[in-house]
Protein chains: 2
Amino acid sequence: MIRDTRLSGVLHVLLHMAEHEGPVTSEVLARAMQTNAVVIRRTMAGLKKRGYVRSEKGHGGGWSLACDLNTVTLGDVYEALGRPPLFAIGNRSEAPQCLVEQAVNAALDQAFHQAQELLLASFQGVTLAALSADFHRRLERHPSKQTGTDHA
Amino acid sequence: MIRDTRLSGVLHVLLHMAEHEGPVTSEVLARAMQTNAVVIRRTMAGLKKRGYVRSEKGHGGGWSLACDLNTVTLGDVYEALGRPPLFAIGNRSEAPQCLVEQAVNAALDQAFHQAQELLLASFQGVTLAALSADFHRRLERHPSKQTGTDHA
DNA sequence: TATCATGTAACATCATGTGATACATGATTC
DNA sequence: GAATCATGTATCACATGATGTTACATGATA
């Protein structure tokens with residue numbers, strides 16, 4: 001079971017962009033994220049469509065923020081990624097004839113539905129600005145650690 | 001991202017066993033679950049270790065329930081499966097140097113932690129007996145649908 | 001016009017869950 | 001006690017997706 005790390009990754013990218021003046025190329029972001037430039041472009045496509053970021057071609061081009069960090073939440077970013085599945089556990093079949101399976105599905109569905117509501121509400125409750133503020137708090141306490149592209 | 005359906009599947013098996021008098025072989029269960037007998041044995045191993053089911057070899061052998069449905073919950077079964085990962089979304093790195101990533105991780109971790117608590121609490125709140133009762137309610141309303149091994 | 005960067009399509013690669021096979025162990029039946 | 005049946009695993013084969021890579025078209029800048 002491989003976990004989808006795009007949400008984590010794209011938030012990382014956005015916060016870095018917030019610290020950086022001017023556009024950043026996919027190539028640079030890819031190096032920072034230890035991945036490929038094409039993967040960055042793929043991931044950012046959804047954000048661009050929603051107007052959270054802007055991209056420019058040619059010399060001096062790259063990605064830059066196009067939104068107010070105070071108004072965009074983790075939930076917005078999650079949706080921009082196309083609402084990828086949250087849970088790693090699911091039902092064997094969706095609309096089973098078997099009444100046993102229906103009972104099992106109903107119980108699991110209810111539990112997961114509640115958890116999903118809570119998760120999405122949590123996401124909506126955190127703005128990018130709040131994330132950035134948290135980052136700056138950490139920065140004050142550990143000034144040695146850098147903002148840049150040196151990752152573990 | 002493939003979902004883990006073992007919890008759904010094993011609950012299905014347990015409820016069927018509750019309806020069935022006497023042991024059921026892995027072969028029969030596999031046919032009902034549209035899978036392989038070895039997969040059934042693999043999955044049941046954890047339940048057996050916890051004493052929720054019993055297995056007997058030889059003629060007339062197979063699997064049978066060894067617990068009170070009123071005391072075993074979905075949470076117990078989930079743990080018997082080895083607490084498989086609940087979420088399909090995760091952090092890019094676990095203990096990053098980067099303070100940006102730390103801030104991102106912290107926000108996501110908190111959200112997922114809350115959701116996990118809720119999920120596990122939901123699981124603990126549902127006994128196998130409750131599931132079975134729900135099944136029987138459905139059975140009364142749709143007597144045509146069978147208990148057996150005819151699955152969609 | 002050369003270079004740079006995005007935007008995508010198409011393909012390669014790799015991880016991993018699941019199915020399949022093989023065989024050892026133990027229990028039952030005749 | 002020999003044959004059969006069933007579990008218990010180890011091991012391998014296979015399918016499925018996610019991710020990485022290559023290639024090339026498009027557009028912008030110098």
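Naming: A, B, ... by sequence-line order, numbering from 1 per chain. The analysis underlying the following values was restricted to heavy atoms, covering all of them including side chains, and did not include hydrogens, waters or symmetry mates. The structure displayed is predicted, hence computed values, not measured ones.
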So does A:S8 get a backbone contact from the side chain of A:T5, meaning a donor-acceptor N/O pair under 3.5 Å?
no
At their closest point, which heavy atom of B:I89 faces which heavy atom of A:P85, and how far apart are they?
CG1-O, 3.7 Å
Sugar-phosphate means primed atoms, P, OP1 and OP2; the rest is base. With that split, encode nucleotides 23-30 of chain D 5' to 3' as B, S or - using protein heavy atoms under 4.0 Å.
---BBBB-
On DNA chain C, check which nucleotide each of A:R42 and A:G62 is closest to and give me the residue with the more 5' one.
A:G62
Using only heavy-atom distances, determine whether the side chains of B:H136 and B:E19 contain a donor-acceptor pair under 3.5 Å.
yes
Taking CZ in B:R83 as the centre, count heavy atoms belonging to other residues, nucleotides or ligands within less than 6.0 Å. Is the count above 12?
no
Between D:dG20 and A:T35, is there an OP1 or OP2 to side-chain N/O distance shorter than 4.0 Å?
yes
Separation of C:dA9 P from A:N36 CG (nearest whole Å)
16 Å
Distance below 4.0 Å between A:S55 side-chain N/O and C:dG7 OP1 or OP2
yes
In whole angstroms, the gap separating P of D:dG20 from CD of A:Q34 amounts to 11 Å
For the pair made of NZ in B:K49 and C1' in D:dT9, what is the distance, rounded to whole Å?
12 Å
What integer distance in Å separates A:W63:CH2 from C:dC4:P?
19 Å
Check the orientation of A:F123 and A:Y78. Use parallel for under 30°, tilted for 30 to 60°, and perpendicular for over 60°.
tilted
If the condition is side chain to side chain contact (heavy atoms under 4.5 Å, CB included), which residues does B:Q110 pass it with, not counting sequence neighbours?
B:Q114
Can you tell me the distance, in whole Å, between the CD atom of A:E27 and the P atom of D:dG20?
13 Å
Taking CZ from B:R3 and P from D:dG17, how many angstroms apart are they, rounded to a whole number?
13 Å
At less than 4.0 Å, is any side-chain N or O atom of A:T25 found next to OP1 or OP2 of C:dA5? Yes or no.
no
Once you round it to whole Å, what is the distance between C1' of D:dG20 and CZ of A:R31?
16 Å
Between C1' on D:dT7 and NZ on B:K48, what's the gap in Å once rounded to a whole number?
7 Å
Using modelled atom types only, decide if a donor and an acceptor are shared between the side chain of A:S132 and the backbone of A:L128 within a distance under 3.5 Å.
no
